[in-house]
2 protein chains.
Amino acid sequence: MSNSAPATIEDVARLAEVSIATVSRAIHMPDKVAKSTRQRVNQAIAITGYTTNAMARSLRMGRSNMILVLAPDIGDPNFSSILIGLENEARAHGYGVLIGHTQNDPERGLEYLKFLSSSQAAGMVLFTGHQPFGHQVVSERLPPSVAVFEPVFDSATPYVGVDDQAGGRKAAEHLLSYGHRRIAFIGDSKTRLGHQRRRKGYDLAMDAARIPANQRMVLDGDGTIESGRLAVEQLFMRDTLPTAFCCVNDATALGVINGLSARGYDLPRDFSVIGFDDVPQATYVKPALTTIRQPRSAIGRQAMALLLQNLGQTGSEHREILILPDLIVRGSVSEPARR
Amino acid sequence: MSNSAPATIEDVARLAEVSIATVSRAIHMPDKVAKSTRQRVNQAIAITGYTTNAMARSLRMGRSNMILVLAPDIGDPNFSSILIGLENEARAHGYGVLIGHTQNDPERGLEYLKFLSSSQAAGMVLFTGHQPFGHQVVSERLPPSVAVFEPVFDSATPYVGVDDQAGGRKAAEHLLSYGHRRIAFIGDSKTRLGHQRRRKGYDLAMDAARIPANQRMVLDGDGTIESGRLAVEQLFMRDTLPTAFCCVNDATALGVINGLSARGYDLPRDFSVIGFDDVPQATYVKPALTTIRQPRSAIGRQAMALLLQNLGQTGSEHREILILPDLIVRGSVSEPARR
DNA sequence: TTCATAAATGTAAACCTTTACATCAGGGGT
DNA sequence: ACCCCTGATGTAAAGGTTTACATTTATGAA
């Protein structure tokens with residue numbers, strides 16, 4: 001039992017008085033071995049506490065049953081719930097999940113890639129928005145992978161994520177439905193592709209509402225709280241103010257709320273604000289933030305399903321799965337103020 | 001280069017016209033091989049793009065150079081910065097870090113334990129506060145491990161964490177130094193051991209200030225935002241109110257601030273609040289939360305150093321390394337209000 | 001020149017599996 | 001009585017390393 005060295009298949013074989021091959025078969029192809037033998041083997045396994053050495057197994061099989069999830073930032077509020085989706089789906093198929101934290105450091109990414117190439121993991125999920133090795137050219141063939149949350153730049157890696165454009169449109173339409181016409185969009189054209197798509201959704205909604213392009217106030221930030229705060233300051237230097245803020249993400253929206261409150265405005269009476277993502281903080285800010293929710297666990301689930309499915313095939317076709325997000329109504333949107 | 005199968009040590013050996021043993025030596029004990037040979041080998045490695053198969057290596061050596069970090073909740077705001085400390089230290093010693101997400105599910109914990117016992121990882125770091133397999137009895141000898149953030153219940157696992165008692169005392173003393181005498185402690189005696197120690201620190205400070213025990217208002221919550229809010233409600237049903245709230249952690253403090261603001265009070269004029277942990281949100285709440293900061297990266301660094309050091313030895317003595325936390329002064333503490 | 005010794009390299013076993021192939025026994029059909 | 005087939009099991013190779021031990025070569029002293 002609690003011997004110093006863990007039991008090997010040989011220990012089991014000896015105890016059950018069979019060959020190691022039979023033990024292996026009893027485990028993996030139970031119908032190929034006589035019932036009486038199977039019982040003896042199972043007993044021996046129970047007694048020795050044998051558990052198959054995954055390392056040897058993977059070495060022999062040239063494939064492991066672990067999936068590596070590469071995240072640049074573990075702390076990202078979007079990460080953990082997507083992860084749970086990934087894990088649950090993986091688990092249902094007999095796979096385990098390991099997380100690699102790259103901190104956006106190409107060297108670390110490369111390290112984890114080695115982990116994959118020595119088949120300690122069978123495939124990978126990318127949160128990074130780019131290949132984990134930066135722009136270096138990597139000689140090895142990349143393992144099966146799928147991107148999540150943000151498509152991988154300049155690559156045919158399949159992608160599963162929220163339908164940003166539809167979400168952006170939904171957000172803008174929600175504001176429009178309350179009668180807002182002067183709706184500022186606080187965007188972010190640089191850091192993420194998805195953010196550009198959200199902007200596109202906003203434009204589409206404004207087009208449909210027949211609001212001319214020159215009446216739209218579009219500011220470009222970088223998706224941080226600070227950038228939301230800054231946008232407020234910039235807008236207050238103009239002649240006309242918006243009645244509502246359509247923000248590219250919740251962080252920006254939080255910054256906007258912050259800036260507006262600091263100026264003494266009462267929300268949502270004076271201004272309406274809508275975000276995108278539905279981060280945990282959205283509930284606690286005052287007023288609670290109306291936002292578009294990332295369908296996180298669905299993204300995780302579908303991404304893992306896609307990856308697992310692609311593990312078998314060689315040439316997996318490029319695919320993009322977009323999931324429609326829901327509008328979460330809280331307290332930060334109301335009718336425009338009379339002025 | 002970009003052949004289908006990755007290059008093995010044999011490919012390198014063939015190209016360099018030496019035996020595989022020499023290649024291995026050229027890599028791991030360069031001084032044991034003649035300079036000219038070493039050069040040829042290095043060249044061959046460069047050409048083939050060889051990278052040693054970690055799986056085979058670990059199988060042979062019975063030890064890997066990966067450390068597994070087990071976290072019940074990836075989303076915990078304390079997790080990511082401790083992790084970075086862990087990673088940096090590991091990296092400096094040639095180890096990599098993998099994260100296992102247990103979700104407090106003993107089965108998952110057990111799964112990751114198997115990962116360790118087949119020596120896919122050399123040791124583990126526990127964030128869990130308990131052994132990852134719940135209360136099941138596990139036959140195998142546990143791998144070298146170290147606990148972080150929260151000591152492992154009922155076990156001799158070495159622990160590295162903040163000095164909760166000193167921190168709790170520091171917090172209370174800060175309030176006392178502003179002249180507060182009626183200081184409520186919103187605690188949590190159940191979910192974490194560290195929280196009890198913080199309470200102890202509060203008591204020590206109050207003792208030193210000669211405030212009799214029957215004048216202390218101590219409420220017991222569970223360390224959540226909700227529990228902070230609730231504590232406010234309960235206190236307002238009493239005759240005497242505190243002038244300050246000493247909270248067992250930031251979540252509780254956030255709840256308290258929330259509850260107080262909801263009742264229309266102006267902080268910190270009407271009440272002072274202090275937290276513990278310094279979570280990211282502490283900066284954004286209004287007023288910004290004065291708190292005791294978890295020395296997160298130091299914890300990570302020292303924990304990994306301890307683990308790595310214990311990898312060699314067999315019987316590692318039980319040790320507890322406590323790191324003194326700093327007080328972070330923001331805006332939620334001031335003199336007590338005149339009433 | 002001849003040994004003894006050190007330095008450099010090679011050979012082969014071991015780590016723990018999985019699995020193709022070989023073997024063996026027994027059963028059913030002729 | 002013989003053959004063929006099936007089902008159950010065993011044998012051994014392979015997967016990519018590291019390393020103890022064996023072997024070869026070079027070095028220096030006598």
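Chain naming here is simple, since letters A, B, ... match the order of the sequence lines and numbering starts at 1 in each.
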How is Ser58(A) classified with respect to the nucleic acid when contacts are heavy atoms under 4.0 Å: base, sugar-phosphate, or nothing?
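Nothing: the residue Ser58(A), judged by heavy atoms under 4.0 Å, touches no strand.
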Take the protein atom [atom1] of [X] and the nucleotide atom [atom2] of [N], then report the distance between them rounded to whole Å.
X        : N       : atom1 : atom2 : value
Met61(B) : dC15(C) : CE    : C1'   : 12 Å
Leu59(A) : dC15(C) : CG    : P     : 14 Å
Glu10(B) : dG10(C) : CD    : P     : 13 Å
Ile45(A) : dT17(C) : CD1   : C1'   : 14 Å
Asn53(B) : dG16(D) : CG    : P     : 7 Å
Ile27(B) : dT19(D) : CD1   : P     : 12 Å
Ile9(A)  : dC15(C) : CD1   : C1'   : 14 Å
Arg57(A) : dG16(D) : CZ    : P     : 17 Å

Nucleotide by nucleotide, nucleotides 8-13 of chain D touches protein heavy atoms under 4.0 Å in the pattern (B base, S sugar-phosphate only, - none) SBBB-B
Which residues satisfy the side-chain contact (heavy atoms from CB on, under 4.5 Å) test with [X], sequence neighbours excluded?
X         : result
Asn65(B)  : Tyr95(B)
Asp73(A)  : Asp76(A)
Leu306(A) : Val146(A), Pro158(A), Val160(A), Asn310(A), Arg319(A), Ile321(A)

Given side chains that start at C-beta, do those of Ile99(B) and Phe79(B) come closer than 4.5 Å, heavy atoms only?
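Result yes, sub-4.5 Å side-chain heavy-atom pair found.
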Considering only distance and modelled atom types, tabulate donor-acceptor pairs under 3.5 Å from the side chains of residues 17-34 of chain B, sequence neighbours left out.
residue  : atom : partner  : partner atom : Å
Ser19(B) : OG   : Ala21(B) : N            : 3.4
Ser19(B) : OG   : Thr22(B) : N            : 3.4
Ser19(B) : OG   : Thr22(B) : OG1          : 3.4
His28(B) : ND1  : Arg57(B) : NH2          : 3.4

Go through the structure and list residues passing salt bridge (charged side-chain N to carboxylate O under 4.0 Å, His left out) with Asp11(A), not counting sequence neighbours.
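Here the qualifying residues are Arg14(A).
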